[in-house]
Each structure stands twice: as structure tokens, then as C-alpha cells.
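In what follows, a structure is listed as C-alpha cells, so that the remarks can point back to it.
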Amino acid sequence: MDIRPILTTLRRHKTAAALIVFEVALTCAIICNALFLIQTRIARLDRPSGMAEKELLALRISDISNGNETDALTRSDLAALRAIPGVRSATISNQVRYGDSAWNSGIGPKPSQQVETASVTTFFGDAQLLDTLGAKLVAGRNFSEDEIVDFNQRIKPDAPPIPVAIVTKALADKLFPGQDPLGRPFYNGDTDGIRIVGVVEHLLRPNELSGPAAADYSVIYPSRVDYNNGFYLIRVNDPAQRKQVLEAVGRTLSKNGAQRILAKDYGVLEEMADKFHRTDRSMVWLLGAVCVALLIVTALGIVGLASFWVQQRTKQIGVRRALGATRGQILRYFQTENFLLTGIGIVLGMVIAFAINLLLMKYYELPRLPVLYLPLGALSLWLLGQLAVYGPARRAAMVPPALATRAA
């Protein structure tokens with residue numbers, strides 16, 4: 001089809017054509033970035049934490065008596081917790097996924113590095129931590145009992161540095177890409193390196209403040225914290241009994257040390273995860289609603305403009321029909337016109353989409369918008385435009401030549 005008559009007509013309706021182009025461009029830019037954000041949020045929701053979340057309980061307890069025997073009382077607590085019916089294992093760690101704080105540090109594969117290779121989160125735990133969390137050991141071994149030291153002893157000035165650690169696979173690949181990490185040392189400012197003895201598949205950070213790239217950079221050190229500095233982690237045999245076990249745990253801890261308070265913000269880890277991801281799920285639904293609303297508004301704009309142009313060009317359409325134009329040619333005329341306007345809007349929208357993505361990368365540390373989203377957005381808008389214009393174009397094609405010729 002010769003597009004010169006179409007371009008000539010569009011030049012006579014510059015304002016209306018510009019409005020459609022701008023509307024399509026804005027929709028393309030927003031939808032491409034919105035779909036990318038939706039995908040990143042869904043990916044974060046689906047990311048494996050490395051823990052048996054459905055079987056885990058997490059409790060934090062505070063001492064109001066300022067007692068000094070916290071290490072001994074922690075050991076007594078753990079022995080009592082492990083004796084509760086329905087408890088598979090119990091341990092204590094300095095932090096927990098979906099908690100309100102994280103212990104972080106910078107490490108590298110070389111001593112005295114000026115720039116850290118990775119920012120990691122550090123878990124302290126005993127030999128039962130992996131089994132309690134449900135973390136999968138994919139290489140190496142677990143800690144031995146003689147490697148575990150009490151945290152309060154470790155922080156003394158004359159205490160020897162920690163010699164071994166377990167790391168996540170993502171962190172091992174970051175420190176030693178393409179190499180076997182077992183037996184290799186890493187450094188966090190200590191003179192002596194810390195040797196890797198095990199690798200777990202996943203263990204996510206407590207929160208997302210480090211950004212998505214470093215979410216699975218975790219180190220486990222063989223050190224047992226006391227209850228004032230950590231969380232009791234309890235793994236149950238049957239997830240259906242979590243509430244009953246949680247109540248029994250609360251009674252046991254209260255009985256073992258009366259002058260202590262259980263924090264109310266912790267409990268069933270799956271419920272903590274649901275609360276933690278509430279914002280992500282809300283964002284997915286909100287961005288999805290924005291995309292649908294924009295597509296509807298854009299489609300209505302195309303329909304409205306096409307209907308207006310059909311009404312304005314009734315006589316022109318009738319003349320073309322009288323000169324031999326078929327209904328199919330009239331239909332293709334309006335579809336081609338819409339295709340051109342949508343195409344110009346899409347090209348402009350791609351430029352705006354990249355500009356928006358650069359701002360998001362700068363201020364919100366989001367990754368670069370993949371190029372794949374642009375052709376997908378373009379195809380969607382072209383299809384939307386053709387569907388939206390089909391009704392008005394079909395009505396134009398059905399106009400009788402004689403009636404159109406008599407129109408004023």
C-alpha cells in the first residue's frame with residue numbers, strides 16, 4: 001500500500017496524531033520498565049532461601065536481670081528445647097532470615113586487600129546449625145564439635161582467630177571463580193586466613209539492604225552466641241504442629257529463666273517470610289494494575305481517535321469507494337495508519353524507557369533493563385493498536401459509497 005496519502009492526511013491532523021504518538025510512547029516506556037520490575041520482584045519471591053522455612057521457628061529473648069551466666073544458661077536452654085516433643089533440632093545463631101538486623105563484613109581471597117571482593121553477612125552457629133536451618137551441604141563438611149567456641153570467649157583480646165568457615169556456593173564462586181574453594185583461605189582483615197571447609201547451596205541474608213547481587217553471599221563461623229545476642233532456632237518434625245511446639249518452647253524458656261522476656265515479633269518463620277514479602281507482592285499487583293490501566297487507556301485513545309477520523313473522513317472514504325476501493329483496502333488503510341503512529345510512538349517510548357531505567361539504576365540500584373523487554377513491548381503495543389483500530393476501521397469499510405458521497 002502507498003503510504004504517501006496516509007502521511008499527507010496525518011500532516012493535516014498533526015495535533016491528534018501527536019497525542020496518539022505521545023500516548024503510545026509513554027505507555028511503552030512505563031510498561032517495559034514495569035514488566036521488568038514485576039519480573040525482578042517475582043524472581044525475588046521465588047528465590048530459594050536455603051532453609052526449611054515451613055519447619056522453622058525463631059525466637060528472641062531478652063534478659064531483664066543483667067545476669068552474667070548467659071553462656072551456661074544458653075546451653076541449658078538448648079538442652080531443654082531439644083527435649084521438647086516434636087522438636088527435630090534446636091540451635092542458636094546471631095541472626096535469622098527475615099530478621100530486623102544483619103551482621104555484615106567485607107572479605108577477599110587475598111590478605112590486606114584495599115578493596116573487598118564481596119560484602120557478606122556472617123552467621124555464627126554450632127554443628128547443629130545446618131541441620132536446624134535445613135541448609136544443604138553441597139561440598140566439604142560440617143563443623144566438628146572441637147571447632148565450636150563460645151562467642152563471649154572469642155571476642156576476648158587474647159582469643160585466637162576463627163580458623164574455618166562454611167560459605168554459600170554463590171560466595172565461593174565469587175571468591176574463587178572456576179576453582180575448588182575447599183581448603184582455600186579468605187581474609188576479612190585478620191592476619192591469618194579463614195579456611196573454607198564446607199559449601200552450602202543457599203543461605204540468604206536476613207534482609208535485602210545489600211542489593212540482589214549479594215543476597216546469597218553468606219559465611220557461617222563456628223561460634224555459639226548467647227541468647228542476649230542471638231535467636232533460638234527450632235526445627236519441628238511436623239509443620240502442622242508448629243503452633244503447639246511454639247507454645248511449648250515459650251513455656252520451657254520462661255521456666256528455665258524466669259527473668260526473661262520473649263520478643264513478640266518472631267515465631268513461625270513462614271509467617272515472618274509472609275510479612276517480609278508483603279511489600280513485594282503488593283508491588284507486583286500494583287505494577288500489574290498500572291500496566292493494565294495504561295493499556296486500556298491507550299486502546300480507548302486509539303479507538304476514540306480512529307472513530308473521530310472515520311466520522312471526519314466519511315466523504316473521502318465514499319469517494320475512494322466510488323472510485324473502486326474495496327472494503328479490504330479501506331480497512332488496511334486505517335490499520336496501516338495506526339501501525340505507523342504506533343511505530344513512531346514505540347521508537348520514542350524505547351528511548352524514554354532506557355532513560356527511566358538509567359534513573360532507576362542510579363537511585364534504586366536496579367539492574368539494566370534487558371533489551372528483550374523492548375521488542376516484547378513493541379509487539380504488544382502494535383497488536384493492541386491493531387485490535388483497537390479494527391472496530392472503527394471496519395465501520396469505515398462498511399460505509400456505502402452513495403451515502404458517503406451525499407455527506408456534507
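From a predicted model like this one, the values you see are computed outputs, not experimental measurements.
Scanning both residues, Ile148 and Gly125, for their nearest heavy atoms gives CD1-O, 3.9 Å. Counting all heavy atoms, side chain and backbone alike, Pro222 lies closest to Val164 at CD-O, 3.3 Å.
By the 30° and 60° cut-offs, the orientation of the rings of Phe124 relative to Trp103 is perpendicular. The aromatic rings of Phe186 and Tyr221 sit tilted, their planes meeting at an angle between 30° and 60°.
Within the model, atoms OH of Tyr227 and CG of Asp71 stand 9.5 Å from one another, a figure rounded to the nearest 0.5 Å. Atom SG of Cys28 sits about 7.0 Å away from atom CG of Leu374, to the nearest 0.5 Å.
Judged by distance alone, the side chains of Tyr232 and Asp77 do bring a donor and an acceptor atom under 3.5 Å apart. Thr298 and Thr27 share a donor-acceptor pair across their side chains, judged by distance under 3.5 Å alone.
Salt bridge present: Glu270 and Arg242 bring a charged side-chain N and a carboxylate O closer than 4.0 Å. Using a 4.0 Å cut-off between charged nitrogen and carboxylate oxygen, Arg75 and Asp126 do not count as a salt-bridge pair. Electrostatic pairing of Arg141 and Glu147 counts as a salt bridge here, judged by a charged N lying under 4.0 Å from a carboxylate O.
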Kindly determine whether Leu175 and Ile107 satisfy side-chain contact (heavy atoms from CB on, under 4.5 Å), including the steps that lead there. CA-CA 9 Å; Leu175 294 175; Ile107 66 172; 3.8 Å; yes

The test is side-chain contact (heavy atoms from CB on, under 4.5 Å); show your working for Asn94 and Phe123 and say whether it passes. CA-CA 6 Å; Asn94 61 310; Phe123 289 85; 4.2 Å; yes

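The only member of Leu57, Leu129, Ile92 that meets side-chain contact (heavy atoms from CB on, under 4.5 Å) when paired with Leu233 is Leu129.
Counting heavy-atom neighbours within 6.0 Å of Arg82 CZ, excluding the residue itself, gives a total above 12. Crowding of Phe176 atom CZ: a count of heavy atoms from other residues, nucleotides or ligands under 6.0 Å exceeding 12.
Side-chain contact between Val24 and Ile20: present, with at least one pair of heavy atoms (C-beta onward) separated by less than 4.5 Å.
With hydrogens and angles ignored, the 3.5 Å screen pairs a side-chain donor or acceptor of Arg281 with a backbone N or O of Asp274.
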